[in-house]
Number of protein chains: 2
Amino acid sequence: MPVKKIVNEPEAVVIEALAGIAVAHIGLVRVDLEQRLVIRADAPVLGKVGIVSGGGSGHEPLHAGFVGAGMLDAAACGAIFSSPVPDQIAAATRAVDGGAGVVHLVKNYTGDVLNFRLAAELAEDDAIEVVTVLIDDDCAVQDSLYTAGRRGTGAALLAEKIAGARAEAGGSLAEVAAVAARVNARSRSFGVALTSCATPGKGSPTFDLGPDEIEVGVGIHGEPGRRRVPHTSAAEIAGLIVAPILDDLEPPPGSSVLAFVNGLGGTPLIELYILFNEVQRLLGERRIGIGRSLVGSYVTSLEMAGASVTLLLLDDELEALWDAPVKTAALRWGA
Amino acid sequence: MPVKKIVNEPEAVVIEALAGIAVAHIGLVRVDLEQRLVIRADAPVLGKVGIVSGGGSGHEPLHAGFVGAGMLDAAACGAIFSSPVPDQIAAATRAVDGGAGVVHLVKNYTGDVLNFRLAAELAEDDAIEVVTVLIDDDCAVQDSLYTAGRRGTGAALLAEKIAGARAEAGGSLAEVAAVAARVNARSRSFGVALTSCATPGKGSPTFDLGPDEIEVGVGIHGEPGRRRVPHTSAAEIAGLIVAPILDDLEPPPGSSVLAFVNGLGGTPLIELYILFNEVQRLLGERRIGIGRSLVGSYVTSLEMAGASVTLLLLDDELEALWDAPVKTAALRWGA
C-alpha cells in the first residue's frame, strides 16, 4: 500500500526541505542549496577545529538539525538513504575550515566511508588537514547489507555533541578527534522496528513486516537485524534491546551512562517515555545509573515506527562536554 | 488492522510514561504519579504567577514537555484523549501557587472546560485566585464533536511560552492572563491528516481514511474536519491550510508572523520542512514576513500522519516574550 507523504516531486524532497531549513533557522545556519549543505551561520570560526558530518537524508534531524555553535559546523546532505558525494563533503570541509583542521564524523556505511575518504583527499589537496572518526555503535549486526563491520546510528549524535563542545572549548584537531572516538568506543546502540518505511521515490514500504511481528536489531534504512519475533510488550522490547547492549558494552555495576531513547520517526513520544521507564528499570537491576538522558526522535528512518536505545558509558569529561552549551535547530541548551 | 505500539497494559500508558518523564528530566520537573501531574522542580515559585495547563494525553510533548522555567508550572495529564479530572487540576493549582494567583490555560474542549472550571472553584475554596484563558485557535470548524465553538490546538504551545515568559518577568495575574488571551486572539491554526491514529485502548484506527484521501481541517483527536479530498502535493496541501488561516486572521501586508509548522506525530521532519517551505512561499506572495518559526512535532495526535500550521501575528512584545529564556524538556533556549 502506498504511504502518503507531504512532498512535491520525489526528486526534489531534499532540496525543498533544505530551502525550508534555510528560512526556519535563519541566523543559526546558512544553506548551500547547490551543494546541499547546511553550514553554521558564522562558519568558518577562525582558529576552531571544524566538524563535518553528513549522510543520506531521511534521518532528520540527523545531521542537518545538529549544525550550530557547540556541535557541527556543517552537514552534507545526500539523497534519501544515499551518501553525499565527495564534492559535497569537500565543499563542506572548505566552508568550515578555520585553519585548525577539520574532523569528519562518518557513520560506518560503505558509501559514506568511501565518499568521505575521497572528500578528505580533495580537502587535503587544498592544504586542509582532515582527521576521520568512524561511528560504528550499532551492536545488532557485525556486517550488514550496507556495511563492513558494525553500523553507525545513535552515537553519531552523541559524538557530534561532545566533539563539538571540545572544539568550541579550543581543543586541537587531535583532541577533538580523540574525544569523538572515545564517545564511539564507549557507546552501543540497538534498534527495533514495528513497521517499515517508504522512501518518497519508491512510495511503498522498503520491506515487509507482518502485522504481528517486529524486526529486532533493525538498521536505520530498514536493513534486516538479527531476527523477527512476535510483537510484544514494552517491557519485553526493552529487554530485547538492553541485553545485547550490556553484553557488548559491559558497564561495571555502579557506573553511570547517558541513556538515549530514540524514536525511529513514526513512534509517539509517549511510547518513548514508556520505553525509557523500562530501560531505567533494567539498568537499575544491574546497578547502572542514568547520569544523563535524551528522549525523542533524533536519528530516524523516515516514518518507521520503532525505537533504538544508545547507552554511552560516562566519565567526568564526557559529562561536562555533554552539558556544555549547544545551539542548533534540534538540540539546544545553555545558549 | 491493529497498530503496533511500545506499551504494556493500555490502562498503564499514562502512568508509565510519567514514570519515564520523572527519571528522564530529573532536576527539571517532579512528577506526582498519584495525581498524574508534571510539576516544575522548584514550584511553587514565591511571588510568581503560576501557570497550569493540561488535557488528554496522546498529544506529547504537549503539555508535560512544556513544564519548566519560563513556561508552565504544572501540567495535569488526563487519560488518552480525555480531560484530566477536577481533583488533578486543583492539585496542580495548589502545587504551583506562589501567592500571586494561577492562570489556567485551557484548550476549548467541552470536558476540559468543565473540569478546569470545577478545579478553579476548588482552588478558590483554598483562597487561590484563578484566571482562566480559553485557547480556541483552530479555524477549521466552528463547532465539533468535542467542542462548542472552535477547538484549541497549536496556540496552546504559543500561549504557554509567551505567558510563561511574562510570569517569569514578574507579570501580575491580570497581565499574564491578558497576554495569553492576546496570543490566542492573534493565532489561527488548521490541520490536515494523512492517516488516522489508534489509542492504546482500542488498538485500531479511531477513524477510517481511504488510501488516497486526506482529512482537511482535522482535529487533534481525529475528529472530522471540513471535508475529505484526494491526497495531493505539498504545495496544494499548504494552500488548503494557509488560505483559511489568512482568511480568518487577516494579517495586513507587511506584517510579521510566527510560523509554527507542527507534525501530528507520524510525519517525518523532512516533510515538515517541505511544508514550511511552501508556507513561507504563500506568505511571501501576500507580503507577510516570518519573524519567528518553529518546526517539529509538538502538538500531536499519537502516531497520526499529517501536519498543522499555526500563525501568530507578532508585535514587539510577543516577539520579545517568545525569545525569552525557556527551560523545558521539549522547548529550550537561552537557559
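Chain letters run A, B, ... following the sequence lines, proteins first and then strands; every chain starts at 1.
Without hydrogens or angle criteria, A:Asn262 side chain to A:Tyr298 main chain gives a donor-acceptor distance under 3.5 Å. Under the 3.5 Å distance criterion, the side-chain polar atoms of B:Ser82 are left unmatched by any main-chain donor or acceptor of B:Gly56. Proximity of a side-chain donor or acceptor of B:Arg228 to a complementary backbone N or O of B:Ile214 within less than 3.5 Å is not detected. Distance alone, capped at 3.5 Å, places no donor-acceptor pair between the A:Thr232 side chain and the A:Ile237 backbone. In this structure, B:Thr310 contributes its side chain and B:Phe260 its backbone to no donor-acceptor pair below 3.5 Å. A side-chain donor-acceptor contact under 3.5 Å links B:Glu213 to the backbone of B:Gly210. Judged by distance alone, the side chain of A:Ser297 and the main-chain N or O of A:Leu264 form no donor-acceptor pair under 3.5 Å. When atom types are taken as modelled, the side chain of A:His59 and the backbone of A:Thr300 share a donor-acceptor pair closer than 3.5 angstrom. Side-chain atoms of B:Arg332 never come within 3.5 Å of backbone atoms of A:Trp333 as a donor-acceptor pair (strictly under, hydrogens ignored). A donor-acceptor distance shorter than 3.5 angstrom exists from the side chain of A:Lys161 to the backbone of A:Ala324, with no hydrogens or angles considered.
Ring centroids of A:His25 and B:Tyr273 are separated by less than 6.0 Å, placing the two rings close together.
For the set A:Met304, A:Arg292, A:Gln280, the count of heavy-atom pairs under 4.5 angstrom toward chain B peaks at A:Gln280. Counting heavy-atom pairs under 4.5 Å between each of B:Asn8, B:Val261, B:Leu269 and chain A puts B:Asn8 at the top. Per-residue heavy-atom pair counts under 4.5 Å with chain B were compared for A:Gly265, A:Gly27, A:Gly266, A:Ala335, and the maximum is reached by A:Ala335. Heavy-atom pairs under 4.5 Å with chain A were tallied for B:Val279, B:Asn277, B:Ile6, B:Val3; the largest tally goes to B:Ile6. For the set B:Lys327, B:Glu303, B:His231, the count of heavy-atom pairs under 4.5 angstrom toward chain A peaks at B:His231. Ranking A:Pro200, A:Gly58, A:Pro268, A:Pro61 against chain B, the residue ahead of the rest is A:Pro268, based on heavy-atom pairs under 4.5 Å. Of the listed residues (A:Ala305, A:Ala234, A:Ala259), the greatest number of heavy-atom pairs within a distance under 4.5 Å of chain B belongs to A:Ala234. In terms of heavy-atom pairs under 4.5 angstrom with chain A, the leader among B:Lys5, B:Arg281, B:Glu16 is B:Lys5.
There is no contact between A:Leu18 and chain B, counting heavy-atom distances below 4.5 Å. Heavy-atom distances place both the backbone and the side chain of B:Val7 under 4.5 Å from chain A. If you measure heavy-atom distances from B:Ala235 to chain A, the contacts under 4.5 Å come from both the backbone and the side chain. For A:Ala24, the parts sitting under 4.5 Å from any heavy atom of chain B are the backbone and the side chain alike. At a 4.5 Å heavy-atom cutoff, the contact between B:Ile80 and chain A is made by side-chain atoms alone. Proximity to chain A is limited to the side chain of B:Ala329, based on heavy atoms less than 4.5 angstrom apart. Both the backbone and the side chain of A:Val23 come within contact range of chain B, with heavy atoms under 4.5 Å apart. B:Val13 touches chain A through backbone and side chain together, each having a heavy atom under 4.5 Å away. For A:Glu278, the part lying under 4.5 angstrom from a heavy atom of chain B is the side chain only.
Contact annotation: the side chain of B:Ser301 approaches that of B:Phe81 to within less than 4.5 Å [non-hydrogen atoms, C-beta and beyond].
The environment of A:Ile26 atom CD1 is sparse: at most 12 non-hydrogen atoms of other residues, nucleotides or ligands sit within 6.0 angstrom.
At a heavy-atom separation below 4.5 angstrom, chain B is approached by A:Leu194 within residues 189-197 of chain A.
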As a quick check of understanding, evaluate ring pair (Phe, Tyr, Trp, His ring centres under 6.0 Å) for B:His221 and B:Phe207, giving each step before the final call. CA-CA 10 Å; B:His221 313 92; B:Phe207 65 100; over 10 Å; no
